[in-house]
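Here's the structure we're looking at; comments come further down.
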Amino acid sequence: APKNLEEIVGGAEKESAFHRWQTKLLEGIAHITYGNAARVTAVVVMVAAIISIYLTSQIKVGNPVEGTNLLWNDSEFNTGTRAINAHFPGTNTLEIVLEAKSRKNDHRVVNTPEVVKVATELQRQLESDRSDPNLPPRATLSFSDYMRDINRLFAGGNPKWMPLDPTAEAISAAGFAALMGSNAINFSHVADFEFQNSTVSAWFRDNKQETVDAALASAFAAGKNVGLDHPEFKVRIATGVIALQQAMNNVVHKYHWLIL
């Protein structure tokens with residue numbers, strides 16, 4: 001037996017002050033679990049359980065802050081995220097992927113009139129969407145933007161030469177000119193190395209849930225308008241910070257009662 005057993009349960013004369021207090025506390029808890037007191041205890045526990053379940057059901061799935069709610073609002077990460085979002089397009093992207101159906105090295109799907117047309121239309125629709133206060137995105141970007149700008153430069157710099165002729169020859173020439181003297185890796189943020197798959201990137205002001213919902217709704221609407229299936233490629237919606245956060249939110253929403 002432990003040498004200090006009498007100090008723990010040896011009676012009021014031998015027990016320490018702490019253990020006497022502990023004994024009284026446990027006796028008090030025990031008294032409310034039987035007899036007439038047990039009925040009151042049962043009612044109180046049931047009311048507390050109902051209130052807890054109600055409050056738990058009010059927890060919103062999603063991110064309520066700029067950055068991450070795993071850190072304090074004034075943490076370095078959240079402070080830096082707000083600063084970037086305040087002075088630049090932001091850190092929160094939604095990527096619409098134009099995925100090639102085949103990967104022929106001698107045929108660059110990105111440099112085709114249909115891809116340029118669809119990418120440009122997606123950008124136009126995203127940028128003109130005013131259906132929600134969190135829209136439109138702050139900026140959009142695709143490889144078509146580089147082709148339009150290089151077309152302007154080769155034509156003397158006048159902005160009126162930015163629109164591309166919707167012909168295979170003109171689009172192919174603009175794509176070739178954009179890559180002239182550069183490495184394809186430099187465009188890895190808008191196209192893969194073989195220029196088969198490309199993206200339309202959209203930057204949003206934050207990754208709060210209301211912004212995520214509005215961004216995805218706008219992207220799906222734009223995708224529906226341009227069509228998701230084309231002869232040489234498919235429009236995939238979506239990836240990027242916005243879409244990945246929503247994917248995690250969907251999993252949390254599905255299993256949130258189990259998690260809690």
Side-chain angles (χ1 to χ4, degrees), residues 51-99 119-120 122-146 185-193 197-224 228 235-260:
I51 293 174
S52 298
I53 293 173
Y54 172 76
L55 293 177
T56 301
S57 67
Q58 301 305 304
I59 297 177
K60 293 183 178 180
V61 177
N63 191 15
V65 300
E66 287 187 66
T68 174
N69 55 353
L70 296 177
L71 301 175
W72 293 110
N73 188 53
D74 59 352
S75 66
E76 290 186 9
F77 178 82
N78 286 345
T79 301
T81 298
R82 287 195 299 273
I84 293 174
N85 291 341
H87 295 87
F88 300 96
T91 60
N92 310 291
T93 60
L94 177 69
E95 313 281 350
I96 300 177
V97 180
L98 307 183
E99 182 185 38
T120 302
L122 284 171
Q123 289 178 262
R124 187 192 69 79
Q125 293 198 29
L126 289 173
E127 293 173 357
S128 61
D129 192 347
R130 300 292 193 279
S131 61
D132 189 275
N134 296 292
L135 298 174
R138 288 179 165 179
T140 65
L141 180 68
S142 70
F143 186 65
S144 303
D145 292 320
Y146 291 98
I185 296 178
N186 295 333
F187 298 94
S188 60
H189 56 295
V190 288
D192 64 0
F193 186 75
N197 308 306
S198 61
T199 66
V200 173
S201 303
W203 281 264
F204 292 87
R205 64 183 186 181
D206 56 52
N207 59 336
K208 295 180 180 180
Q209 190 56 41
E210 52 268 26
T211 304
V212 171
D213 292 338
L216 288 172
S218 180
F220 277 110
K224 182 179 180 180
L228 300 179
V235 178
R236 300 286 193 180
I237 304 173
T239 184
V241 174
I242 297 291
L244 292 176
Q245 179 169 310
Q246 184 59 37
M248 289 187 292
N249 291 345
N250 290 341
V251 174
V252 172
H253 184 268
K254 182 177 180 180
Y255 297 105
H256 72 284
W257 285 111
L258 181 62
I259 294 172
L260 294 173

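As the structure is a prediction and not an experimental result, all values here were calculated from the model. For this chain, numbers begin at 1 and follow the sequence in order.
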Is it the case that atom NE2 in His189 sees more than 12 heavy atoms from other parts of the structure closer than 6.0 Å? yes
Identify the two heavy atoms, one from [X] and one from [Y], that lie closest to each other, and give their separation to 0.1 Å.
X      : Y      : answer
Pro137 : Thr140 : CG-CG2, 4.0 Å
Asn134 : Ala214 : CB-CB, 4.3 Å
Leu126 : Ala222 : CD2-CB, 4.4 Å
Leu98  : Ala119 : CD1-CB, 4.0 Å
Leu94  : Ala219 : CD2-CB, 3.5 Å

Check side chain to side chain contact (heavy atoms under 4.5 Å, CB included) between Thr93 and all other residues, then give those that pass, not counting sequence neighbours. Glu95, Trp203, Val241
The side chain to side chain contact (heavy atoms under 4.5 Å, CB included) partners of Phe193 (sequence neighbours excluded) come to Asn183, Ala184, Ile185
Would you compute the distance between atom [atom1] of [X] and atom [atom2] of [Y] and round it to the nearest 0.5 angstrom?
X      : Y      : atom1 : atom2 : answer
Arg236 : Thr199 : CZ    : OG1   : 15.0 Å
Leu141 : Gln123 : CG    : CD    : 7.0 Å
Asn197 : Asp192 : CG    : CG    : 4.5 Å
Thr120 : Gln125 : OG1   : CD    : 11.5 Å
Ile242 : Asn92  : CD1   : CG    : 5.0 Å
Thr91  : Ile84  : OG1   : CD1   : 6.0 Å

Please check if the side chain of [X] supplies one atom and the backbone of [Y] the other of a donor-acceptor pair under 3.5 Å.
X      : Y      : value
Asp145 : Ser142 : yes
Arg205 : Thr211 : no
Arg138 : Leu135 : no
Gln245 : Asn207 : yes
Thr81  : Phe77  : yes
Ser218 : Ala215 : no
Asp74  : Thr79  : no
Asn63  : Gly67  : yes

Is there side-chain contact between Ile237 and Leu228, with at least one heavy-atom pair below 4.5 Å? yes
